[in-house]
Protein chains: 2
Amino acid sequence: MDYKKQLAEFFKEVDERCILGLSIDCVIFGFYDNQLKVLLLRWKQTEEWGLPGGFIYKKESVDVAAQRILEERTGINELFLQQFHTFGEDVRYNRQEISQKLNWPDLSTRRWPDRTVSIGYFALVDFSKVTPAADFLTDECRWWDVENLPALLFDHNHIVEVALKTLRVQLSWQPIGYNLLPEKFTMPELQRLYETILNRSLDPRNFSKKMRALGIIERLEEQRRGGAFKSPYLFRFNKEKYRKALQEGNLAFS
Amino acid sequence: MDYKKQLAEFFKEVDERCILGLSIDCVIFGFYDNQLKVLLLRWKQTEEWGLPGGFIYKKESVDVAAQRILEERTGINELFLQQFHTFGEDVRYNRQEISQKLNWPDLSTRRWPDRTVSIGYFALVDFSKVTPAADFLTDECRWWDVENLPALLFDHNHIVEVALKTLRVQLSWQPIGYNLLPEKFTMPELQRLYETILNRSLDPRNFSKKMRALGIIERLEEQRRGGAFKSPYLFRFNKEKYRKALQEGNLAFS
DNA sequence: AACCTGTATGTATTAAATACATACTCAATA
DNA sequence: TATTGAGTATGTATTTAATACATACAGGTT
């Protein structure tokens with residue numbers, strides 16, 4: 001059976017099983033090599049990249065659907081996952097352009113709905129624990145540097161931008177890092193994560209002071225060896241205190 | 001024609017004209033008498049209250065739909081309107097209970113979808129400019145004190161809570177008030193707005209200092225007369241500076 | 001004229017944010 | 001084995017922002 005037939009069958013099942021006209025798009029952030037990364041998929045038989053996404057089963061909570069989609073793509077289920085915006089523009093992208101790019105010469109492969117509203121989720125995941133996995137529609141799944149994304153399909157560049165903006169705002173009143181860093185990390189690594197997300201440099205003395213004052217990390221005796229320099233101490237998050245800080249937030253206004 | 005027939009006809013039109021399975025719910029906040037208010041609708045021939053809401057035309061942006069719904073309910077079009085969350089639980093409420101409460105003995109009045117995902121918007125409006133207007137499905141539209149809402153239909157109490165939480169968080173990094181207060185207002189009025197939203201009292205000396213330091217309000221020569229006490233000065237927002245503060249935000253983390 | 005109510009405002013104290021420079025350690029190299 | 005370099009660790013002084021707190025004023029009422 002060739003790809004087109006398979007595709008038609010696939011969409012037939014989606015149409016029967018899932019809510020029509022509503023989809024989920026996921027911006028999966030990871031951190032590696034001092035860069036914030038996003039997990040992207042390359043669509044079958046094309047060079048076109050887009051966000052992982054999917055549809056919602058008729059009797060499935062949207063949050064659960066997002067979790068399912070993420071687990072399929074990353075292989076992990078312990079992650080920070082948050083809805084951040086619903087994209088409901090009447091024309092979100094040029095349909096003709098998309099069908100060309102995806103080599104769907106006509107849209108008859110499925111009963112393509114007039115328009116699709118998409119619910120955006122972003123996830124923060126530990127880069128080292130992820131096994132990127134392509135799905136039925138795609139050939140390749142891999143990390144891209146968030147500052148250097150290609151032109152994505154649909155309105156996915158826009159969706160990434162909104163996710164990133166949300167992440168930045170969130171950083172100002174919630175701790176971030178638990179799901180982006182490995183269990184043990186050094187202070188400079190944590191700092192670089194913050195610097196990357198905020199896109200500006202921070203003073204290491206003040207950063208260290210502030211972070212430790214928050215009381216959500218604890219220093220271990222252990223140090224990381226191997227570098228041609230003073231060995232940095234390792235830290236880890238205090239899970240309980242981190243969780244509390246997440247819930248309570250730290251409102252700036254007083 | 002009796003209400004049931006009209007209802008069936010109404011929903012028939014909705015089903016033809018609108019996206020299925022997706023709705024909008026609006027939490028419209030106003031401020032009056034030192035209380036934060038929410039605009040609610042009473043469903044026809046019942047004592048049941050719920051949020052204003054509606055459906056999205058097939059070729060209409062969701063944002064535009066929300067604006068349309070709001071304008072229909074409040075009569076004003078200059079307002080602060082923001083999407084805050086999409087409610088996609090697989091079971092958002094007890095359908096049987098709802099159909100009883102609304103006196104829809106069977107659901108055959110329409111092809112009721114299996115489940116509805118609802119996009120929540122909240123609006124901040126100038127209480128004094130609003131003319132609450134009921135719609136086809138409802139008998140009455142009026143303001144309710146946000147701290148004293150009745151048990152609402154569907155999951156609307158939950159939706160109000162999430163809206164309120166969003167509003168509180170937003171207050172910590174964005175200015176709020178332009179759309180909730182009349183053009184000219186006194187410092188104590190502004191303070192009471194903040195106190196109401198934050199649900200705690202603030203020191204008037206520090207509040208005044210901080211607010212004026214933000215540079216988004218300007219004091220007028222004019223004073224408000226009539227009270228049996230020292231006449232308070234009137235202030236108004238500097239629209240341009242307010243707009244900038246809105247856009248830029250004031251991230252707390254540094 | 002005395003009183004009441006809500007408004008206006010300044011200062012001292014504390015806490016947080018910022019700015020800034022030097023010493024250390026380990027590995028690589030000369 | 002002495003030197004160098006890169007990256008890490010840390011403390012203090014300064015500035016700014018947040019907090020705590022009390023009294024005088026104006027306009028109407030009695």
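We name chains A, B, ... by the order of the sequence lines, and we start the count at 1 in each one.
A salt bridge does not link B:E189 to B:R192: none of the charged nitrogens lies less than 4.0 Å from a carboxylate oxygen.
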Return a single string for nucleotides 21-30 of chain D, one symbol per nucleotide in 5' to 3' order, where B is base contact, S is sugar-phosphate-only contact and - is none, cutoff 4.0 angstrom on heavy atoms.
BB--BBBS--
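One can place CE of A:M187 at 18 Å from C1' of C:dC24, the figure rounded to the nearest angstrom. One interatomic measurement links the two molecules: CG of B:L214 to P of D:dT16, which rounds to 17 Å at whole-angstrom precision. With rounding to whole Å, A:F207 atom CZ is found 16 Å from C:dA19 atom P. Distance CE (B:M211) to P (C:dA8): 15 Å, rounded to an integer number of Å. For the pair B:K210 NZ and C:dA15 C1', the interatomic distance rounds to 13 Å; values are reported in whole Å.
Among the heavy atoms of the strands, none lies under 4.0 Å from B:R224.
Judged purely by atom type and a 3.5 angstrom limit, A:D139 has no side-chain atom pairing as donor or acceptor with the backbone of A:R42. A distance-only check finds a donor-acceptor pair linking the side chain of B:R168 to the backbone of B:I197 [under 3.5 Å].
Ring planes of B:F185 and B:F235: parallel class, angle under 30° (limits at 30 and 60°). Note on ring orientation: taking the six-membered ring where Trp is involved, the planes of A:F127 and A:Y32 are parallel (angle under 30°, cut-offs 30° and 60°).
At its two ends the helix from C:dA1-D:dT30 to C:dA30-D:dT1 runs along axes set 10° apart, each axis drawn from five pairs and the angle rounded to 10°.
Counted within 6.0 Å of CZ on A:R236, heavy atoms from surrounding residues, nucleotides or ligands total 12 or fewer; the atom is thus considered open. Heavy-atom contacts from other residues, nucleotides or ligands closer than 6.0 Å to NZ of B:K241 number 12 or fewer.
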Audit row: B:K101, B:W43, side-chain contact (heavy atoms from CB on, under 4.5 Å) steps and yes/no
CA-CA 9 Å; B:K101 281 189 178 171; B:W43 284 63; over 6 Å; no
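For B:R212 and C:dA8, the shortest distance from a side-chain N or O to OP1 or OP2 is not below 4.0 Å.
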